[in-house]
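Comments concern the structure below.
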Amino acid sequence: MNGEELIEFQTSVIHGTGGYARVPIAADATIIEYVGRKIGKVESNLLCEQENAWIFCIDDEFDLDGNVDWNPARFLNHSCSPNAEAQDIDGRIWIVALREIKTGEEITFNYNYDLEDYKEHPCQCGATNCVGYMVAEEFFSSVRPPV
């Protein structure tokens with residue numbers, strides 16, 4: 001099955017538009033490819049300064065600008081408790097299920113932002129372990145509000 005057969009895009013309770021499982025998706029299944037324009041770091045930095053949030057780091061030389069019409073994966077939302085993750089498979093970025101995803105469940109992954117300007121990226125995922133910001137799990141303890 002391809003991404004269009006697995007995912008339906010509709011209004012999300014997390015943010016804007018989100019991707020929802022049309023059918024049960026098995027753990028470790030490749031769900032959808034994150035596609036876009038391959039760009040150099042200079043252009044990537046300029047786009048980030050213009051608040052383009054759809055940039056994926058590919059390697060030390062290139063990034064991927066996913067803010068293109070042909071990339072429906074750009075609508076997948078962040079979660080502090082995601083059911084999928086982005087993986088580099090043979091030089092391509094795929095969204096892969098971390099666990100079984102039920103029909104109708106929103107497909108999410110951790111955007112893995114670093115701590116630079118993290119306060120500009122508040123999280124609204126609603127997960128019980130939500131830390132309030134879209135950061136990589138390794139930074140959760142740094143940004144988690146005191147209890």
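Smallest separation of non-hydrogen atoms from Gly19 and Leu76: CA-CD2, 3.8 Å. Across every non-hydrogen atom of Gly18 and Ser12, the tightest pair is N-CB, 3.6 Å. When all heavy atoms of Asp114 and Phe139 are compared, the pair lying nearest together is CA-CE1, 3.6 Å. Smallest separation of non-hydrogen atoms from Tyr20 and Thr11: OH-O, 3.4 Å. Residues Val35 and Leu64 share a closest heavy-atom pair of C-CD2, 4.0 Å. Here the closest heavy-atom approach between residue Pro82 and residue Thr108 is recorded as CA-OG1, 3.4 Å.
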Derivation and outcome, side chain to side chain donor-acceptor pair (under 3.5 Å), residues Glu106 and Asn77:
CA-CA 8 Å; Glu106 185 166 4; Asn77 282 311; 2.9 Å; yes

Let's go through Phe140 and Asn129 carefully: what are the C-alpha distance in whole Å and the side-chain angles of both, what is the deciding distance for side-chain contact (heavy atoms from CB on, under 4.5 Å) to 0.1 Å, and is it a yes or a no?
CA-CA 9 Å; Phe140 280 12; Asn129 70 327; 4.0 Å; yes

Let me see the working for Ile31 and Ile7 under side-chain contact (heavy atoms from CB on, under 4.5 Å), right down to the final yes or no.
CA-CA 8 Å; Ile31 300 171; Ile7 303 174; 3.4 Å; yes

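The cluster map of Ile, Leu, Val, Met, Phe, Trp and Tyr, joined by side-chain heavy atoms under 4.5 Å apart, puts Met134 and Leu115 in different clusters. When the side chains of ILVMFWY residues are joined at heavy-atom separations under 4.5 Å, either directly or via intervening members, Tyr111 and Ile93 end up in a single hydrophobic cluster. Linking Ile, Leu, Val, Met, Phe, Trp and Tyr residues whenever their side-chain heavy atoms come within less than 4.5 Å leaves Ile14 and Trp54 in two separate clusters. No path of Ile, Leu, Val, Met, Phe, Trp and Tyr side chains, each step under 4.5 Å between heavy atoms, connects Trp94 with Phe75, placing them in separate hydrophobic clusters. Residues Ile107 and Val96 do not share a hydrophobic cluster, defined by chaining ILVMFWY side chains whose heavy atoms lie under 4.5 Å apart.
Note on residues 58-75: pairs passing side-chain hydrogen bond (donor to acceptor under 3.5 Å, both in side chains), not counting sequence neighbours, are Arg37-Asp65, Lys41-Asp63, Ser44-Asp63, Asn52-Asp65.
Listed for the Arg99 side chain is no donor-acceptor partner under 3.5 Å among the backbone atoms of Ala27. At least one donor-acceptor pair closer than 3.5 Å links the side chain of Asn110 to the backbone N or O of Val135. Asp88 contributes no side-chain N or O that, together with a main-chain N or O of Ile58, makes up a donor-acceptor pair within less than 3.5 Å.
Note: Cys125 SG to His15 NE2 = 13.0 Å, rounded to the nearest 0.5 Å.
No side-chain heavy atom of Leu6 sits under 4.5 Å from any side-chain heavy atom of Ile32. Side-chain atoms of Asn83 and Leu98, non-hydrogen and from C-beta on, never get closer than 4.5 Å to each other.
Side-chain rings of Tyr34 and Phe56 approach one another, their centers coming within less than 6.0 Å.
Here Glu85 pairs with nothing under the salt bridge (Lys or Arg N to Asp or Glu O under 4.0 Å) rule; sequence neighbours left out. Listed by chain and residue number, Tyr113 satisfy the ring pair (Phe, Tyr, Trp, His ring centres under 6.0 Å) test with His121 (two or more places apart in sequence, or in another chain).
The side-chain contact (heavy atoms from CB on, under 4.5 Å) test with Tyr133 is passed by exactly one of His78, Lys119, Glu120, Arg144: Lys119.
When the shell of 6.0 Å around CD of Glu137 is examined, it contains 12 or fewer heavy atoms from other residues, nucleotides or ligands.
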